[in-house]
Amino acid sequence: MTEQSTKQAPEEIETAGTTEVAETVADAVEPAAETVVDAAAAAPDAAPAPAVAPRRARRVLWAVARWTAAVVVCGGVGAGTALGITGLDRSEVPGLATENDGRWEYPRLRLPALPADRPRPFTAANNGEIHYADVRELLLPAPAGATPDPKLDGGFVSTEAYLSLYGKEFRGELRQSLADSTLRHIAARGWTTPDGTRTTVHLLRFSSVAYAQSYQDVALEVDATDGPKALPDGVENVVPETFADDIEVPDTRAYAFREKKPYGPEQVRWAYVQAGDTLALITQTRKGEALGVPFQQTVTLQNQLLG
């Protein structure tokens, strides 16, 4: 170990800033050497005495060597520890780890393939803003660790299943509006994450942009104070979310709301995304409080898939 420490000494001393230690060692060696010379000069004619002075010099030099090795080893350990810590990512150092901000881990998203010669919506070749892809393939997938809802497995659902999300007092008017708006079909997916948040995503495909907007107007009728006209089942007090204007994709429009206090044992957050001929409804419900970060993330990603 002494040999290895000696080989690393110059580097460790330089990098650790221990040059003063080397000078102190040199100062200790020089007085010891002078002691040996003075002892020989004091009795030039005398017979050689037992090697007391040389033995004393060797003891001094040996002590110096041991202290030098100890200094080098300690310096090396300190420098190695410092380099080891600075080389770690902040999240790998206990006490310095950055807490997760609450976002979920979604799989990598890909836009579905289109039929031959069919353009994407919101392009110059698609003035009707029509989604030619299968609407089921435009549904946001569940995040990692979530438990899928067997009733909302990414397939088509009935109009009544969709209307069950709303309070009973709103269903009649919405049902009539859907009939008048030539609704084509509704696709849905749902899941529950380990923290108890239940999420549903419904995509309503209409025969044209005009019909999609017509139904949206009936469902929303947004008021800055009272929120949308049609509310989720059991919800009475609502407030608009502030992030809706920041997550828009060109040619789409997002409207987001949350249930405000006082509310029951669960809080509800929900959002509409109107994108051409398709209207999305995203809901999240959680006991105590529906967290804002995963809700905004979910709405943003679904918006991007539609845009």
Side-chain angles (χ1 to χ4, degrees), residues 104-144 146 148-163 165 174-191 199-220 222 243-256 270-283 296-307:
W104 292 342
E105 183 182 350
Y106 280 97
R108 186 170 183 175
L109 303 181
R110 297 181 182 275
L111 292 175
L114 294 175
D117 302 325
R118 294 296 187 180
R120 298 281 180 194
F122 316 118
T123 61
N126 191 345
N127 293 328
E129 299 180 354
I130 298 172
H131 289 82
Y132 288 106
D134 188 327
V135 68
R136 292 170 294 184
E137 297 182 6
L138 292 172
L139 283 166
L140 184 67
D149 185 337
K151 296 181 179 180
L152 303 176
D153 58 0
F156 294 124
V157 298
S158 66
T159 300
E160 293 304 315
Y162 160 74
L163 290 174
L165 295 170
L174 293 177
R175 185 183 294 108
Q176 185 60 52
S177 178
L178 288 174
D180 295 340
S181 301
T182 62
L183 175 70
R184 295 179 60 189
H185 38 238
I186 305 173
R189 174 171 285 125
W191 62 82
T199 301
T200 67
V201 180
H202 289 74
L203 299 185
L204 289 72
R205 170 75 64 79
F206 296 87
S207 60
S208 71
V209 175
Y211 283 122
Q213 292 176 341
S214 176
Y215 175 74
Q216 171 196 273
D217 292 341
V218 173
L220 284 172
V222 179
F243 69 81
D245 292 337
D246 300 327
I247 66 170
E248 292 178 18
V249 175
D251 301 305
T252 72
R253 182 68 178 170
Y255 306 87
W270 73 102
Y272 294 97
V273 175
Q274 199 272 312
D277 64 343
T278 302
L279 181 70
L281 172 62
I282 302 103
T283 72
Q296 179 175 346
Q297 178 193 20
T298 302
V299 175
T300 301
L301 293 177
Q302 183 61 71
N303 192 8
Q304 291 175 350
L305 281 173
L306 292 175

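Side chains included, hydrogens not; waters and symmetry mates left out as well; all remaining heavy atoms used.
No side-chain N or O of Q213 forms a donor-acceptor pair with one of D217 less than 3.5 Å apart. The closest side-chain donor-acceptor pair between D277 and S208, if any, does not fall under 3.5 angstrom. For the residue pair R205/T278, the side-chain donor-acceptor check at 3.5 Å is satisfied.
Judged purely by atom type and a 3.5 angstrom limit, Q302 has no side-chain atom pairing as donor or acceptor with the backbone of A280. With hydrogens and angles disregarded, a donor-acceptor distance shorter than 3.5 Å links the side chain of Q274 to the backbone of G276. In this structure a side-chain-to-backbone donor-acceptor pair under 3.5 Å is missing from R175 to L163.
Under the 4.5 Å side-chain criterion, counting only non-hydrogen atoms from C-beta, V299 is not in contact with Y255. At a threshold of 4.5 Å between non-hydrogen side-chain atoms, the residues L174 and Y215 count as touching. When side chains are defined from C-beta on, L203 counts as touching L306, because their heavy atoms get closer than 4.5 Å. Proximity of V135 to F156: side-chain heavy atoms (C-beta onward) are separated by under 4.5 Å at one or more points.
When all heavy atoms of A113 and E137 are compared, the closest pair comes out as N-OE1, 4.5 Å. Closest non-hydrogen pair, G307 versus T252, comes out as CA-CG2, 4.0 Å.
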Show me the side-chain donor-acceptor pairs of residues 122-130 shorter than 3.5 Å, one per line, residues at least two apart or across chains.
unit_1 : atom_1 : unit_2 : atom_2 : d
T123   : OG1    : R120   : O      : 2.8
N126   : OD1    : E129   : N      : 3.1
N126   : OD1    : I130   : N      : 3.2
N126   : ND2    : R120   : O      : 3.2
N126   : ND2    : I130   : O      : 2.9

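The CG atom of N303 lies 12.0 Å from the OG1 atom of T298; values are rounded to the nearest 0.5 Å. To the nearest 0.5 angstrom, T200 atom OG1 is 8.5 Å from I282 atom CD1. Of the inter-residue distances, the one linking L178 atom CG with F206 atom CZ reads 5.5 Å to the nearest 0.5 angstrom. L204 CG to I186 CD1: the interatomic distance, rounded to the nearest 0.5 Å, is 4.0 Å.
A 6.0 Å sphere centred on OH of Y162 holds more than 12 heavy atoms belonging to other residues, nucleotides or ligands.
Salt bridge absent: K151 and D149 never bring a charged side-chain N and a carboxylate O closer than 4.0 Å.
Scanning for side chain to side chain contact (heavy atoms under 4.5 Å, CB included) contacts around P148 gives an empty result, with sequence neighbours left out.
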